[in-house]
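Okay, so here's the structure we're looking at.
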Amino acid sequence: MPELPEVEALTVFLRERAVGHAVASAAITAISALKTYDPPLSALAGGTITAVDRHGKFIDLTVGGSGDRTEPVHLVFHLARAGWLRWFDEVPKTVLKPGKGPIALRVRLDDGAGFDLTEAGTKKSLAVSVVRDPAEVPGVARLGPDPTAPDFTLDDFRAVLDGRRTQIKGVLRDQSVFAGIGNAYSDEILHAARMSPYALAAKLTPEQVETLFAALRDTLAEAVAVASGRPPADLKDAKRRGMQVHGRTGQACPVCGDTVREVRFADSTFQYCPTCQTGGKPLADRVLSRLLK
């Protein structure tokens with residue numbers, strides 16, 4: 001799933017290439033991806049893109065008025081687990097067939113360039129909305145603070161964690177707590193902080209909170225820097241190459257050399273280093289434990 005660093009890179013990419021251009025057409029091919037009907041998708045046509053912003057893992061294109069519509073509208077999308085953005089300097093002229101193939105949305109600009117939103121696999125979660133205000137999208141309205149914002153401080157971080165008797169892995173992934181962090185970067189942040197994913201947020205010492213905050217800021221800042229300036233086609237590989245533990249089950253931890261382990265759940269996994277994070281003790285694998293009973 002694209003997370004804050006990749007979504008930020010896509011946002012900057014679109015800002016540099018799309019702002020100032022009018023939307024020539026927007027066509028939805030996966031009906032289930034379109035979550036709104038008023039304003040209609042056709043409201044985008046003829047409007048000029050004036051801004052591209054990021055809200056957590058959501059990308060928001062502001063499209064100015066056109067024809068009888070004087071107020072701007074927003075094209076807001078979330079790529080979910082298997083979605084991606086494919087940019088074209090010249091959008092293909094092939095006719096799209098609804099319900100066929102991985103393409104969910106195609107946007108063509110006035111200069112012939114544009115992009116597709118695609119989604120692999122059979123489980124479809126990519127979401128597209130056309131709204132008058134981004135806060136009309138429920139996922140955007142629920143977002144917590146952006147942990148990379150310049151004005152997000154250690155005191156803010158401490159206040160968010162205070163009293164939360166929840167495992168820190170889940171706290172970091174909760175979009176209503178911190179906007180933009182997902183499974184991959186929560187693994188990386190906890191590894192950098194040398195902290196167990198099962199540690200309870202409310203029981204962290206002041207020193208552990210400070211260490212975790214520094215790990216969060218440094219990990220995300222480095223990932224944003226690595227993703228910056230890369231075209232969409234290069235972002236996935238750049239993300240994989242930068243991982244220390246996530247997605248590296250069975251490989252050597254680059255810090256201590258121990259074997260990276262994983263814990264499996266019904267629909268996800270996470271990775272960690274026992275030596276760096278859990279005092280050398282492997283964590284119980286919930287799925288495997290049930291299978292062995």
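Each residue takes its place number in the sequence, starting with 1.
Residues satisfying the side chain to side chain donor-acceptor pair (under 3.5 Å) test with R54, not counting sequence neighbours, are E8, D146. Every residue two or more places apart in sequence or in another chain that forms a side chain to side chain donor-acceptor pair (under 3.5 Å) with R158 is listed here: D155. Every residue meeting the side-chain contact (heavy atoms from CB on, under 4.5 Å) condition with D258, not counting sequence neighbours, appears here in chain and number order: C256, C273, P274, T275.
Here the closest non-hydrogen pair linking L44 and A26 is CD1-CB, 3.9 Å. Nearest heavy atom pair, residue P2 against residue K57, reads O-CD, 3.5 Å. Considering all non-hydrogen atoms of both residues, R194 and V255 come closest at NH1-CG1, 4.1 Å. Nearest heavy atom pair, residue A215 against residue A192, reads CB-CB, 3.9 Å. Counting all heavy atoms, side chain and backbone alike, R106 lies closest to I103 at NH2-CD1, 3.7 Å. Of all the heavy atoms in G56 and A179, the pair that sits closest is CA-CB, 3.8 Å.
Ring geometry for F115 versus F77: interplanar angle of 30 to 60°, hence tilted. Using cut-offs of 30° and 60° on the angle between ring planes, the pair F13 and W87 is perpendicular. In this structure, Y198 and F270 have perpendicular ring planes: the angle between them is above 60°, well past the 30° mark.
Here the straight-line distance linking atom NE2 of H74 with atom OG1 of T50 works out to 7.5 Å at 0.5 Å rounding. Separation of atoms CD1 (I49) and NE2 (H21) is listed at 8.5 Å; rounding is to 0.5 Å. Atom CD1 in I181 sits 5.0 Å away from atom CG in L220 (nearest 0.5 Å). Separation of atoms CG (D111) and CZ (R108) is listed at 10.5 Å; rounding is to 0.5 Å. How far CG of L204 is from CZ of F213: 14.5 Å, rounded to the nearest 0.5 Å. Note that the CE atom of M243 and the OH atom of Y185 stand 4.0 Å from one another [nearest 0.5 Å].
In this structure, E119 contributes its side chain and S125 its backbone to a donor-acceptor pair below 3.5 Å. Listed for the D187 side chain is a donor-acceptor partner under 3.5 Å among the backbone atoms of Q271. A distance-only check finds a donor-acceptor pair linking the side chain of T211 to the backbone of E207 [under 3.5 Å]. Side chain of R248 to main chain of R240: no donor-acceptor pair is present (N/O by atom type, distance under 3.5 Å, no hydrogens or angles). Although no hydrogens or angles enter the test, the distance criterion places no donor-acceptor pair under 3.5 Å between the side chain of T118 and the main chain of P102. For the pair E3 (side chain) and A184 (backbone), a donor-acceptor distance under 3.5 Å is present. A donor-acceptor contact shorter than 3.5 Å links the side chain of Q175 to the backbone of G180. In this structure, the side chain of R173 does not engage the main chain of K169 through any donor-acceptor pair within 3.5 Å. Put simply, the side chain of R86 never gets that close to the backbone of D116: no donor and acceptor are under 3.5 Å apart. At least one donor-acceptor pair closer than 3.5 Å links the side chain of E188 to the backbone N or O of Q244.
For the pair V107/L117, no side-chain contact is recorded, criterion being any heavy-atom separation below 4.5 Å from C-beta on. With contacts defined as side-chain heavy-atom distances shorter than 4.5 Å, the pair L79/E6 does not qualify. Considering only heavy atoms from C-beta on, V140 stays 4.5 Å or farther from V131 through its side chain. Side-chain atoms of L105 and L41, non-hydrogen and from C-beta on, do get closer than 4.5 Å to each other. For the pair N183/H246, a side-chain contact is recorded, criterion being any heavy-atom separation below 4.5 Å from C-beta on. In this structure, R132 and E71 have side chains that are not in contact, with every pair of non-hydrogen atoms separated by 4.5 Å or more. In this structure, the side chains of F58 and P134 stay at 4.5 Å or more apart for every pair of heavy atoms. Contact of the D156 side chain with the D151 side chain is not registered, since no non-hydrogen atoms from C-beta on lie closer than 4.5 Å.
Hydrophobic clustering of Ile, Leu, Val, Met, Phe, Trp and Tyr side chains at less than 4.5 Å, counting indirect connections, keeps V263 apart from V171. One hydrophobic cluster holds both L216 and L190 under the rule that ILVMFWY side chains link at heavy-atom gaps under 4.5 Å. Cluster annotation: V137 and M1 are assigned to distinct hydrophobic clusters (Ile/Leu/Val/Met/Phe/Trp/Tyr, side-chain heavy-atom contacts under 4.5 Å, transitive). Both L109 and I59 are members of a single hydrophobic cluster when ILVMFWY side chains are connected at heavy-atom separations under 4.5 Å. F157 and L200 are members of different hydrophobic clusters when ILVMFWY side chains are connected at heavy-atom separations under 4.5 Å.
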Using side-chain contact (heavy atoms from CB on, under 4.5 Å), reason through R15 and D53 one step at a time and then give a plain yes or no. CA-CA 8 Å; R15 187 179 297 142; D53 298 294; 4.1 Å; yes

Should V76 and T36 be marked as a side-chain contact (heavy atoms from CB on, under 4.5 Å) after you check the CA-CA gap, both sets of side-chain angles, and the distance that decides it? CA-CA 10 Å; V76 181; T36 57; over 6 Å; no

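Applying the 6.0 Å contact sphere to CD of E210 captures no more than 12 heavy atoms from other residues, nucleotides or ligands. Annotation: K203, atom NZ; neighbour count of heavy atoms from other residues, nucleotides and ligands within 6.0 Å does not exceed 12. Within a 6.0 Å sphere centred on CD of E222, heavy atoms belonging to other residues, nucleotides or ligands number 12 at most.
In the model, K35 has no side-chain atom that pairs as donor or acceptor with a side-chain atom of S129 under 3.5 Å.
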